[in-house]
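So the structure is just underneath, and the comments pick up after that.
Fair warning: this is a prediction, and the values are worked out from it, not measured in the lab.
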Amino acid sequence: MKYQFATTAGLLLADQALAAPLQARDNPSAADIVLKIAPDSKTCADTTECRTAEEAGPLLAAAMAQYGLDSAGQIAAVLALTALESVQYKYKHNVSPGRPGQGTSNMQMYSYNLEYAMSIPELKDQAAQYSADETDATKQNALLALVQDDKYNFGSGPWFLSTKCADAKDALSAGKDLDAGFQAYMTCVGVTIDSERQAFWDSAKAAFGLN
């Protein structure tokens with residue numbers, strides 16, 4: 001039986017994430033949900049960039065609420081994408097091929113990280129020194145470092161869906177064809193849905209009782 005959606009992203013990803021309509025059940029925490037989608041995030045061997053589900057869950061929940069993601073489909077889609085792109089929240093920068101300036105949990109390109117940083121009042125002044133057409137790798141990585149702090153790192157995915165993929169955001173809302181919505185989201189991101197990406201999406205839907 002499908003679960004009723006909570007009305008806010010914070011509830012959807014926090015302790016009162018999903019409410020079974022006719023039977024009692026233990027509500028999963030944000031960490032529980034993240035762990036179902038990214039099981040390797042249970043532990044971190046190297047904590048330089050890696051964050052566990054326990055650490056990432058509350059930060060992701062706060063970011064979903066901040067950027068107005070208020071349906072399970074929207075939240076599941078962002079978690080599916082960021083879990084894959086960050087190798088289950090192990091990295092905040094592009095490891096292969098090691099592209100300068102690319103990173104955060106959303107693993108977005110330098111130009112988007114610049115836009116993201118400029119949208120954050122606390123970072124805007126520091127980010128203003130960088131240009132969109134910057135080609136110097138050191139400067140690109142310096143800009144990336146601004147948004148790698150945990151409080152910004154986990155907000156990049158929700159920010160991107162909300163600001164760059166408005167049609168996909170709507171297509172992932174309650175009552176819509178979520179698979180079509182995820183396809184629209186991936187098209188907006190500029191990637192195709194291969195078997196690995198599909199597996200993360202399937203796990204995310206299952207975590208929210210959307211299957």
*Roughly how far, to the nearest 0.5 Å, is CZ of Arg99 from CG of Asn141?*
12.0 Å

_Under a plain distance cut-off of 3.5 Å, with no hydrogens placed, do Gln148 and His93 share a side-chain donor-acceptor pair?_
no

*asked:* A quick test of your reading: do over 12 heavy atoms of other residues, nucleotides or ligands sit less than 6.0 Å from NZ of Lys176?
replied: yes

_In the structure I gave you, are the side-chain heavy atoms of Tyr67 and Leu161 within less than 4.5 Å of one another anywhere?_
no

*Does the side chain of Thr104 reach to within under 4.5 Å of the side chain of Tyr112, using non-hydrogen atoms?*
no

*Are side-chain heavy atoms of Lys164 and Trp159 found at a separation under 4.5 Å?*
yes

*Is there a donor-acceptor contact under 3.5 Å linking the side chains of Asp202 and Gln198?*
yes

*If you measure from CG on Leu178 to CH2 on Trp201, what distance do you get to the nearest 0.5 Å?*
5.0 Å

_Side-chain donor or acceptor of Gln126 paired with backbone N/O of Leu123 under 3.5 Å_ = no

*Report yes if some heavy atom in the side chain of Ile193 is under 4.5 Å from a heavy atom in the side chain of Phe182; otherwise report no.*
yes

*asked:* Between Lys139 and Gln129, is the side chain to side chain contact (heavy atoms under 4.5 Å, CB included) condition met? List the steps.
replied: CA-CA 10 Å; Lys139 292 182 179 179; Gln129 66 183 292; over 6 Å; no

_For a 4.5 angstrom cut-off between non-hydrogen side-chain atoms, does Leu84 reach Leu81?_
no

*same_hphob_cluster(Met186, Ile75) at 4.5 Å side-chain heavy-atom cutoff*: yes

*asked:* Quick test of your reading of the model: are Glu122 and Lys151 salt-bridged, counting only N-O distances below 4.0 Å?
replied: no

*asked:* Assess the residue pair Val34 and Ile37 against the criterion (side chain to side chain contact (heavy atoms under 4.5 Å, CB included)); give the C-alpha distance rounded to whole Å, side-chain angles, the decisive distance to 0.1 Å, and a yes or no.
replied: CA-CA 5 Å; Val34 171; Ile37 301 165; 6.0 Å; no

_If you define the side chain from C-beta out and look only at heavy atoms, does anything of Phe200 sit under 4.5 Å from Gln88?_
yes

*Begin with the C-alpha distance, continue with both residues' side-chain angles, and end with the deciding distance and a verdict on side chain to side chain contact (heavy atoms under 4.5 Å, CB included) for Tyr116 and Asn106.*
CA-CA 11 Å; Tyr116 179 45; Asn106 200 44; over 6 Å; no

*Would you find a donor on one side and an acceptor on the other, under 3.5 Å apart, between the side chain of Asn113 and the backbone of Gly101?*
yes

*Does a sphere of radius 6.0 Å around CG in Asp136 hold more than 12 heavy atoms from other residues, nucleotides or ligands, not counting ones at 6.0 Å or beyond?*
yes

*Side-chain contact, heavy-atom cut-off 4.5 Å: Gln102 with Met107?*
yes

*asked:* Is there a side chain to side chain contact (heavy atoms under 4.5 Å, CB included) between Phe160 and Val189? Walk through the geometry before answering.
replied: CA-CA 9 Å; Phe160 193 93; Val189 171; 4.1 Å; yes

*asked:* So Leu146 and Tyr152, do their side chains get closer than 4.5 Å, heavy atoms only?
replied: no

*Between Lys92 and Asp149, does a salt bridge (charged side-chain N to carboxylate O under 4.0 Å, His left out) hold up when you go through it step by step?*
CA-CA 9 Å; Lys92 298 181 179 181; Asp149 185 283; over 6 Å; no

*Say whether Glu115 and Ser111, considering side chains only, have a donor N or O and an acceptor N or O under 3.5 Å apart.*
no

